[in-house]
Amino acid sequence: MRVIRTMSYDHRSIEARWQNAWRERGTYRTTEDPSKPKYYVLDMFPYPSGAGLHVGHPLGYIASDIVARYKRHCGFNVLHPMGYDSFGLPAEQYAIQTGQHPAKTTEVNAARYREQLDRIGFSFDWDREVRTSDPAYYKWTQWIFLQLFNSWYDTRANKARPIEELIDRFEAEGCQGQDAEVLTGDIEEPLGAFTADEWKGFSERTRQMVLQHFRLAYLSEAWVNWCPALGTVLANDEVKDGVSERGGHPVERKRMPQWSMRITAYAQRLLDGLDDLDWSTSMKEAQRNWIGRSEGASVRFPVGDDFIEVFTTRPDTLFGVTFLTLAPEHVLVGKYTTEGQRAEVESYVQEAKNRSERERQAEVDRITGVFTGSFAKHPFTEADIPIWVGDYVLAGYGTGAVMAVPGGDQRDWRFAKHFGLPIIAVTEGADIEKEADESKEATICSEGFLKGMQVPDAIRRAIQELEKLEAGEGRINYRLRDAAFGRQRYWGEPIPIYYRDDIPYPLPESELPLVLPEVDKFLPTEDGEPPLARAKDWNYDGYPLETTTMPGWAGSSWYFLRYMDPHNAERFASPEAIAYWKQIDLYVGGSEHATGHLLYFRFWTKFLHDRGWLPFDEPARKLVNQGMIQGVSAIVPFISRVSIEEKLDSVEDVGWMETSVAPFVYVSEAVIHGGELDARIRTVYEAYWPKLKNSSARLSFQFSGSHESIENVDSRNTIDVGGFIKSRSSSTGARPIEVLDDGDNRLTVRREVEKMSKSKLNVVNPDDIIARYGADTLRLYEMFLGPIEQSKPWDTNGIEGTYRFLRKFWNLFHQDNVGNGNNAGNEDNVVHVSDEEPNRAELKVLHATLKKVQEDIERMSFNTSVSQFMIAVNELGALKCNKRAVLEPLVVTLAPFAPHIAEELWSRLGHAESVTAAPWPVHDPQYLVEDSFSYPISFNGKTRLQLEFPIALSKEDIEAAVLANPEVQKRLEGKPPKKVIVVPKRIVNIVV
RNA sequence: GCCCGGGUGGUGGAAUGGUAGACACGAGGGACUUAAAAUCCCUUGGUCCGUAAGGACCGUGCGGGUUCAAGUCCCGCCCCGGGCACCA
């Protein structure tokens with residue numbers, strides 16, 4: 001028998017050939033080239049996990065790759081690198097379990113990632129690959145840390161400056177007033193003012209302690225999110241609902257010495273900078289919420305010779321203050337507790353401190369508090385104001401104390417009600433018996449100079465009065481906290497700090513990189529010290545080195561700069577490279593990084609800018625968040641409970657089925673929705689439960705679902721029963737399996753869209769898709785699925801459409817018998833294109849496609865450009881067009897989307913150079929000009945018929961022609977139309 | 001509770017205020033074939049009328065409004081996704 005060769009599109013050989021060719025020729029290698037405009041496209045750094053990629057991961061990479069390739073065709077010099085954020089918890093957890101060094105696991109995982117990425121045909125310049133765990137890389141992460149340590153934020157100049165300048169200032173002027181206000185981190189012990197002479201008299205230790213209050217990377221006693229299960233502290237963005245984001249372990253508030261980053265100094269600039277960024281509104285809003293700016297006033301309530309400072313957004317309600325509340329952790333609680341109240345207060349504080357974050361958040365409705373026994377003076381009325389302690393006041397926000405206005409704040413109101421404290425109405429018309437009036441569109445009614453004023457005016461007036469009395473001032477407060485920077489973990493960048501007399505000192509730059517030491521175990525020491533404490537000789541010149549390591553976000557906060565000059569041994573990147581590549585023009589990644597990475601990397605960029613290392617202060621002008629690709633799970637319903645309906649007292653007749661023989665009963669979804677479900681199930685049970693047979697006892701059932709691998713499901717949502725039973729029997733033990741199937745040995749499953757995950761058996765591996773359909777099909781299909789920002793389920797069934805499209809595209813070049821009803825391509829698989837001049841119809845298809853695809857790429861609407869390609873191929877197929885002048889530009893246009901097939905066709909068309917070097921074909925509008933338009937003729941907005949008129953025809957002529965039309969006349973029934981609207985090249989609407 | 005998104009056929013989705021459902025999947029029918037694969041053609045939002053050709057009405061979460069014309073703009077709700085949340 002003769003083997004029939006179906007000589008058509010063979011993705012396997014094509015893709016292997018071109019991936020090799022690109023590697024060998026260095027097609028995507030990029031160098032700085034001042035003769036060309038630059039374009040920087042970056043994907044968010046992946047963490048190389050052991051699980052490898054699933055089809056959801058490359059979605060953003062494909063989109064950015066299309067843009068990168070498109071920009072190259074348009075003449076841009078494109079920087080499009082990739083690397084790995086290779087420090088991180090999973091490798092370390094794995095190391096703890098297996099003893100395998102995290103560096104090794106990371107290496108293996110990165111190699112696997114690379115292999116998978118290569119198979120998809122990305123245009124990454126791999127010569128620029130960076131890894132955060134590479135000492136040559138983290139040398140510069142450590143270097144930036146040292147710069148942060150050696151910098152302070154000058155609120156007058158509104159920028160970071162070298163710490164030496166602060167020391168100079170102290171020596172000349174001391175520290176007074178405004179300088180002391182940079183401390184916005186946690187509740188800080190107020191730093192007293194000092195003179196130049198006092199500074200000069202300070203001991204080394206005192207000076208260093210003072211400077212810690214100013215350094216942008218600093219060590220302090222701070223409230224941290226301690227996660228006992230992970231054995232480390234977490235940054236705020238790593239905690240969600242009181243548990244760790246990774247793993248969901250409980251988190252506690254704990255006070256401990258802690259390296260922090262003074263990101264709060266940049267709060268306002270991080271907020272303002274958002275305005276000019278081309279990011280989605282939701283992303284900007286997330287950052288704005290996280291920064292949480294609120295305007296108000298700080299007010300000092302005198303207590304004896306000291307005072308309590310509070311922050312309020314409503315100084316206009318000052319006359320409604322009936323008590324003050326301190327957070328349990330507030331440093332002044334002890335000081336103001338009277339002897340009589342001491343026992344009660346201390347036990348309350350103790351209890352409040354021991355409650356985890358999660359408990360406190362979960363029990364929002366529980367009102368607790370205790371009176372300290374002391375009173376403060378109202379700054380205006382001089383009335384005695386009782387001082388309470390309550391855990392509804394957060395230690396970490398504002399000053400950790402509030403002035404309670406139960407008439408104007410619902411939380412204060414509830415606290416007052418609960419403890420029987422007085423409630424004064426602050427606004428006109430408020431029903432303070434029922435609730436507080438928090439409205440800002442109100443008139444102040446409390447006695448005093450604010451009476452009768454509108455809220456906004458009263459706020460301004462109150463601040464003026466406070467400032468006059470020096471009892472307070474207008475103030476802006478942020479929710480943003482300083483970021484915890486140290487991790488009690490092994491697999492991260494060592495912090496380049498050593499201790500002399502317990503004072504932290506920076507390592508000299510010449511000592512960098514401070515390489516991660518070898519340890520015997522990746523666990524904390526017996527004394528609870530971090531793993532680095534296990535390292536031998538972990539000291540500098542005999543002084544102990546810091547043992548915590550940097551968090552995951554350190555390395556990723558500046559990596560976009562390293563790609564510009566990845567092998568530079570002298571600097572993190574040369575000024576020339578930075579000046580050339582500048583900001584990221586397009587940054588693509590997940591929206592889950594809104595309040596973590598994306599904030600930190602803006603922060604570091606602003607800092608590096610302040611210190612003169614960058615000519616820009618925002619890292620990414622445009623940001624696009626790709627949606628998640630969800631998995632479609634297949635769920636087989638099974639009976640999780642059988643019971644005898646209670647009303648019928650036949651339990652005794654029937655007895656209970658022996659558990660040991662009770663079968664697992666799986667029921668096809670189709671059967672559940674079909675008829676006679678109960679009867680069929682009963683029949684199954686009767687076989688195992690003889691007494692049931694002749695009984696009238698009625699059974700009721702409860703269903704649960706069991707995940708089945710989506711790979712086994714066909715396009716009709718059914719699976720093979722034989723295979724299903726076989727796969728289940730291993731886990732069900734001796735108990736039998738019964739299946740109520742659809743017949744034909746098939747069983748219908750229920751589909752559910754969920755997150756793609758191993759445990760849900762709905763993971764689709766790109767390698768499998770590529771083996772079957774090819775990378776080009778995968779790329780096209782991922783784009784075709786829908787808008788890039790949207791989350792959507794992966795359904796492998798739909799991929800046939802894009803695969804078919806590529807074959808049709810291929811066949812346009814390979815048929816000598818175009819359009820004979822057999823598009824299988826010619827047998828020799830030799831390109832067969834005609835050099836004839838294309839006709840008008842063919843040119844119209846081409847230019848319409850060039851136009852649409854270009855516009856769609858510019859607005860990142862890739863699903864619609866894929867549609868346009870399909871339309872083009874369908875139409876050219878119908879026109880039997882195989883003309884070079886039409887097909888060649890299409891190859892270039894398709895190249896960003898499906899680079900392998902494009903390269904292959906390009907070379908078959910006789911080009912020696914890569915298609916990536918071809919200029920982008922620009923559409924010519926003259927081929928899109930129509931000379932007539934088929935007008936939809938509508939009556940009262942409803943389309944009734946179509947009439948074709950020349951484009952050149954005037955509105956009046958069209959109107960006349962339309963009204964003269966017999967069909968239109970018939971519809972008007974002789975009555976004159978009220979109005980006729982003619983929109984040229986759009987529509988005619990007749991109002992009757 | 002507050003702040004952002006979003007809701008369109010069986011499915012993924014398309015539509016500068018101007019013919020709703022492009023393109024694709026799935027489904028149904030047909031051609032080719034011994035058969036299958038592959039390929040090609042037709043139908044495919046709903047309801048109704050008609051033997052048919054064809055036609056009518058309804059339809060973009062719900063209720064109003066603006067407009068000659070609304071998926072698109074405005075107001076009020078409902079639902080889904082995301083962010084923030086005892087934040088003073």
Check: Mind checking the C1' distance from rA20(B) to rG59(B)? Whole angstroms is fine.
Finding: 9 Å
Next item on the list: Round to a whole Å and report the spacing from CD1 of Ile629(A) to C1' of rG13(B).
Entry: 14 Å
Check: Under the salt bridge (charged side-chain N to carboxylate O under 4.0 Å, His left out) test, which residues partner Glu438(A), sequence neighbours left out?
Finding: none
Check: With both distances under 3.5 Å as the test, what is the Watson-Crick or G-U wobble partner of rA70(B)?
Finding: none
Item checked: Complement of rA88(B), any strand, by Watson-Crick or G-U distances under 3.5 angstrom -> none
Checklist line | Protein-nucleotide distance (Met870(A), atom CE; rA14(B), atom P), rounded to Å | finding: 14 Å
Checklist line | Residue matched to rC57(B) through Watson-Crick or wobble contacts both under 3.5 angstrom | finding: rG46(B)
Margin query: Taking salt bridge (charged side-chain N to carboxylate O under 4.0 Å, His left out) as the definition, give me every residue that meets it alongside Arg746(A), ordered by chain and number, with sequence neighbours left out.
Written below: Asp714(A)
Item checked: Contact nearer the 5' end of RNA chain B, comparing Met283(A) with Gln946(A) -> Met283(A)
Check: Would one find a side-chain N or O of Gln868(A) under 4.0 angstrom from OP1 or OP2 of rA22(B)?
Finding: no
Item checked: Earlier contact from the 5' end, RNA chain B, for Val991(A) and Pro936(A) -> Pro936(A)
Check: Would one find a side-chain N or O of Arg288(A) under 4.0 angstrom from OP1 or OP2 of rC2(B)?
Finding: no
Notebook entry, point to check: Taking O4'-C1'-N9-C4 for purines and O4'-C1'-N1-C2 for pyrimidines, is rG7(B) syn (within 90° of 0) or anti?
Noted result: anti
Next item on the list: Report yes if a side-chain nitrogen or oxygen of Ser294(A) is closer than 4.0 Å to either non-bridging phosphate oxygen (OP1 or OP2) of rA88(B); otherwise report no.
Entry: yes
Notebook entry, point to check: Rounded to the Å, how far apart are Lys792(A) NZ and rG5(B) C1'?
Noted result: 15 Å
Check: When you compare rA15(B) with rU34(B), how far apart are their P atoms, in angstrom units rounded to a whole number?
Finding: 46 Å
Note to self: Test of understanding: with ring pair (Phe, Tyr, Trp, His ring centres under 6.0 Å), list the residues that count as partners of Phe784(A), not counting sequence neighbours.
What the structure shows: none
Item checked: Atom pair distance, as rounded to whole Å: CG in Asn989(A) and P in rG17(B) -> 18 Å
Checklist line | Among rG13(B), rC87(B), rC23(B), the one nearest Asn863(A) by side-chain distance | finding: rG13(B)
Margin query: Asp856(A): which residues meet the salt bridge (charged side-chain N to carboxylate O under 4.0 Å, His left out) condition with it, sequence neighbours left out?
Written below: Lys852(A), Arg859(A)
Check: Does Arg411(A) have any salt bridge (charged side-chain N to carboxylate O under 4.0 Å, His left out) partners at least two apart in sequence or in another chain, and if so, which?
Finding: Asp409(A)
Note to self: I'd like to know if Arg300(A) pairs up with Glu473(A) as an ion pair, taking the criterion as any Lys NZ or Arg NE/NH1/NH2 lying under 4.0 Å from an Asp or Glu carboxylate oxygen.
What the structure shows: yes
Item checked: Nucleotide forming a Watson-Crick or wobble pair with rU51(B), both distances under 3.5 Å -> none
Checklist line | Pair assignment for rG10(B), Watson-Crick or G-U wobble, requiring both distances under 3.5 Å | finding: rC25(B)
Next item on the list: Please answer whether the main-chain N or O of Tyr803(A) pairs with a side-chain N or O of Tyr781(A) as donor and acceptor at a distance below 3.5 Å.
Entry: no
Notebook entry, point to check: How does each nucleotide of nucleotides 79-85 of chain B score, in 5' to 3' order, for protein heavy atoms under 4.0 Å: base (B), sugar-phosphate only (S), or none (-)?
Noted result: ----BSS
Margin query: So, OP1 or OP2 of rC25(B): does either fall under 4.0 Å of a side-chain N or O from Arg804(A)?
Written below: yes
Next item on the list: Using Watson-Crick or G-U wobble geometry with both distances below 3.5 Å, tell me the partner of rG5(B), or none.
Entry: rC80(B)
